[in-house]
Amino acid sequence: MESISKSIPKRDHFPKISGSAKYVDDLSFEGMLHGKIVRSTVACADIKEILIPDLPEGYFVIDKNDIPGINSVHIVDDDTPVFSDGTVNYVGEPILMVAGKDLKVVNRLMKLIKVVYDEKEPVLDMMKSETIFYQYGYTKGDWETAFREADKIIEEDFQTGYQEHTYMEVQGMIGFYENGKSIVRGSMQCPYYVHTAVKRAMGLESDKVQVIQEEMGGAFGGKEDYPSILGCQVAVAAYKTGKPVKVVFDRSEDIICSPKRHPAKMHYRAAIKNGKITGIDADIVYNCGAYTTLSPVVLQRGLICATGVYNFKNLRVRGKGVKTNTVPNGAFRGFGGPQTFFAIEMFMDHLAKEIGMDSLSLKESMVVKQGDDSATSGKYHFHIPFPEMIEKLDQMSDFRKKREAFRNQTGRYRSGIGLSLVYHGCGFTGSGERDLIKGVVKIVKNTDDTVELLTAGTDMGQGLKTAFAKIASDTLEIPLERIIVRNPDTDRVPNSGPTAASRSLMVVGKLLQRAAEKLKQDWKPGEYQEFVEKYVHPDFMIPWDLSKFQGDPYPDYSWSANAVEVKVDTLTATTEIVGAWGVYDVGTPIDMAIIKGQMQGGFLQAIGYGSMELLDVNDKGVIRNNSFSDYIIPTSMDVPHLETEVVENTYENGPFGGKGAGELPAVGGAPAYVEAMENALGVNLHHTPFSQEDTMKVLEAFKK
Amino acid sequence: MNGQIHFTLNGEKVTSDRHANERLLDVLREDFKLTGVKCGCKEGECGACSVLLNGVLANSCMVAMGSIEGSEVVTIEGYSKTKRFQALSDAYAQTSAVQCGFCIPGMVLACEALLAKNPNPTDAEIRKGISGNLCRCTGYNAIVEAVKIAAREGKGLW
Amino acid sequence: MVTFSNGYLVDNLADALKIRSEIDVTPYAGGTDLMVDAKEDAVYLFLNKIPELRRIYSDEQYLHIGAACTYTEIFENSLSPQILKDAIDYLAAPAIRNMGTAGGNICNASPKADTALIFYVADAKLRICNTSGERILPIEDFYVGRGKTVLQKDELLVEILVPKQGLEHYYYKKVGARQALAISRVAFAGIFTTENGIITRCAMAFGSVADTVLRFRDLEALFVGKSIAEAKSLRSQFIANYEQAIVPIRGRVSAEYRKSVCMNLLEDFLTQNGI
């Protein structure tokens, strides 16, 4: 193990465990008002009238008329309003804010506000949507000939559902307006995203907006774009009222109105000739919800992953992101990948049966290797450790033996074991790092020879502060205690880009390493020194062309193999998750315990996505299961046997050989679980989450 | 005459003028500024608001003030002054069990409640003891390991 | 007795009943149901410090469980029957079990109530008091519809009386969405007793599938007084009777799912008992 991988106590350990760390709802300021947002109760309507009662002294209503700049939140495109412009497009859409000193009074006033809607017919079914927000497609080889000359064409439909982040700390933000400057503090992954959005909504220049990240109680992508919306809302509220305004969501509110993982419907075809898969054709639809937000990039990543880890020579992939009158969907760990990986992994399992091969054998025979062309005609430039990972996984889980043993079961309990092979592309998709983000970091050496790392990277629990400190400390060869890493404040840090896309270690960490190396070369004791390092695009990459959807969308990939074993009780259709095993390649682990924590946490989320995390929109566009008792996430008792291991596969261009780690473990758990269910039940399955009711339907069908 | 509510908070006798139907969670956070007690759901489903009430684990969001007259309440702020806390904290640090930290104060108190009754718990018993504390970050393994380490290395503390 | 704004705290039953008879209050034992949707103007009568409501004791016929006994107290008491302990063991999570009470579980009147199911199948009775006296009624007679009980505004549930005999040979299965913190989706409890080869009891109750817990004594009667062999010959009839009688409603899971699980568990219960 590399010395940097040796685990150390995390920087934020003691403040958090002692209860002294302050999250946004723990903060209070003089004269602060509490704000609550009145939200649409219908999915699609014009607002005819809003009846507002007389407001007591010190209580305010803030709406679109109070926005000094533009009523638009810049995310990728600009269609998301800060407050409703007079129409509403999903249940939960913000209409206005009520703010005042006493939250109880604010809540009472909210109940008295009456919104009169002129309701329109909502579009809730993504397959019936007539608005395509984004559309992409690509081909490789000669897919048409492959399908024309096929012996057999297999066609299947796959479906993945919503997933809600359920970060333990809900969304929250405090806005201030002081001396012509908007200040926003809160729970957010990307301070500079919020900064850009607030500038626009407030009509202010860069130096008149300050955004500060407070301690974050989890995010998983759910606080990547949404804080820009809430940030604008509190900024405007502070401007109107002249007081600090804090908005913290209720849990049910958070579940209703914050972004989710895009539900997807995916149609796959395979051309089979002489027992081999000669062509793949995938047609993907992602449900974006009512506004575009992060959908273009989610869709892009999903399409890049659509043919999985396999070396298909002939393929066509098409995809679109469509509008529905539901909550706008956004980033969630894996960012579009889990959906298409679910489809391709399940499809490969089914194709194996068609061909008469064992599923793992088929997959092994087709996995990509270093030097292969990727689906988008890029290249896999670096070693791909699938053979080692599969062997390790088999040792850990006994997959092959169990797979054989679990054929032809009878009796009350049915066992099953499933496996998935996946990747996660590291860094921002496409040419984003080079053209959009252009990340910058700064290292400052103080006169007392402590060193501060200045990046926009946010620690949401994943250990960013600790990892960055280790990179700097190991490079500079000075004690960790002399390295300072604070929660970012846009007044103090350069824009190193969003904390997303599994880019923090690999991209930002690398910039820090370079800056630290320069400082080391030029260290002047007792003197103040500054080093700035800018992103340099790796020159080995085949340039990404979005219009053709070709090239290298990522410099490298992190790889994973997952297995899940289940035991189904045929009387109750309930499933016990007997074991879960994951092997991961994240380059050199920057801290083994931190990496393990990411693997284990992400894997459990993915299993939730495959099994119990059902979220539904009813025929009025309402999310009914908007509470923790109703949206089911795993407890400590649900997967008692979960094991993760890493294989070391150093990535030279990453700091100390590290590459992206945060999202990878969330990608493969669902297909591994659902394949285990297939194995137990003896039928092909096509959707996730695969619930108790789904299981019962299969069992009942067998009885007939 | 509507009475004050008297209780012991982290070892000190205190009073509250709040109504008897108000949540202990809100009183702790707002009046006593004990913001280590977190609010995750307000329906008793996540355990982030856990406190020790007369020595047993309770979700403070589910406790009405009138019911704690004469009772003892311990929050993470009070518990963090104890040797038992130190043992748990050291163990959690070893396994890097603290990620976002939001579930952690409640989780630590759940661990205390578990170890106080069962100083040498099995994996299954640990998982049961923390089954009412939701964590979205860790997958629970590092926490379970930490409890085993604390039980082993906190000799005689429980 | 202490009077608070929006609450009364009493330390004896007589005072509690007096307040109940005079003031419009909501009885509060553990708070774990009441506080989920707490009303701003609720006035609580706190029962958790009344010794008469926190006792568990046994006489010749009954196990007496005070209505304000917490789930944990009941679980840890050696007098409690295993079937009840099993139900409590899977109920919610430790913190809820420490505060929540059997009385609250019963009076909240949800058909999903985990302990109410056990009390149904065990032929438990409820002792209900007011300032004028008391009445004792079978738990089935306590419920009149979804969320509705016969508890009057001046009454309090004081004790649950569980007949002690014959609770050892039981079957219990709860289906929830996960292994802990799981609201019941379907639950089944069965008690089977034979004496000298003759079936004296074949009690079965179904929870979470209808507006109240379901029990069909008239259908159970088909087996009572029969030998195992005779009962076995009547198995199809017995099952068909239940097939018709159980009409689940849709909740977070479908009625079809609930029906399938109920019938599967019922059949397994019979099979386990040699029928």
Considering all heavy atoms, the nearest [X]-[Y] contact:
X         : Y         : answer
Met168(A) : Cys103(B) : CG-CB, 4.5 Å
Tyr140(B) : Pro634(A) : OH-O, 2.9 Å
Arg136(B) : Glu164(A) : NH2-O, 3.0 Å
Tyr23(A)  : Cys100(B) : OH-O, 2.7 Å
Gly19(A)  : Glu77(B)  : O-OE2, 4.3 Å

Hey, what do you get for [atom1] ([X]) to [atom2] ([Y]), rounding to the nearest 0.5 Å?
X         : Y         : atom1 : atom2 : value
Leu27(A)  : Thr35(B)  : CG    : OG1   : 8.0 Å
Asn141(B) : Gln600(A) : CG    : CD    : 4.0 Å
Ile633(A) : Cys135(B) : CD1   : SG    : 8.5 Å
Ile17(A)  : Leu88(B)  : CD1   : CG    : 7.0 Å
Asp250(A) : Glu43(B)  : CG    : CD    : 11.0 Å
Lys596(A) : Glu145(B) : NZ    : CD    : 8.0 Å

Side chain, backbone, both or neither: which part of [X] has a heavy atom under 4.5 Å from chain A?
X         : result
Phe102(B) : both
Ile76(B)  : both
Ser80(B)  : side chain
Tyr79(B)  : neither
Ser89(B)  : both
Thr95(B)  : backbone

Select one option (side chain, backbone, both, neither) describing which atoms of [X] are under 4.5 Å from chain B's heavy atoms.
X         : result
Ile8(A)   : backbone
Gln598(A) : both
Ser627(A) : both
Lys104(A) : side chain
Asp25(A)  : both
Val639(A) : backbone

**Message:** Just so I know, are the side chains of Cys137(B) and Phe220(A) near enough to count as touching, which here means a heavy-atom distance under 4.5 Å?
**Reply:** yes

**Request:** Find out whether Val98(B) and Asp12(A) are in side-chain contact, i.e. whether some heavy atom of one side chain is under 4.5 Å from a heavy atom of the other.
**Result:**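 No, their side chains stay 4.5 Å or more apart.
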
Looking at [X] and [Y], would you say the former's side chain and the latter's main chain have a donor-acceptor pair under 3.5 Å?
X         : Y         : value
Lys128(B) : Met637(A) : no
Ser636(A) : Arg127(B) : yes
Arg251(A) : Gly40(B)  : yes

**Fill in**
Checked Ser18(A), Gly608(A), Pro15(A), Ala593(A) vs chain B; the most non-hydrogen pairs under 4.5 Å come from Ser18(A)

**Request:** Under 4.5 Å, counting heavy-atom pairs only, tell me which of Asp638(A), Thr466(A), Thr635(A) racks up the most with chain B.
**Result:** Thr635(A)

**Request:** Among Pro105(B), Cys41(B), Gly132(B), Ala124(B), single out the residue with the greatest number of heavy-atom pairs under 4.5 Å to chain A.
**Result:**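 Answer, by heavy-atom pair count under 4.5 Å with chain A: Cys41(B).
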
**Complete:** Most heavy-atom pairs under 4.5 Å with chain A, out of Ala142(B), Gly36(B), Ser96(B), belong to Ser96(B)

**Prompt:** Is any side-chain N of the basic residue among Asp26(A) and Lys38(B) closer than 4.0 Å to the acidic one's carboxylate O?
**Reply:**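 Result for this pair is yes, salt bridge flagged.
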
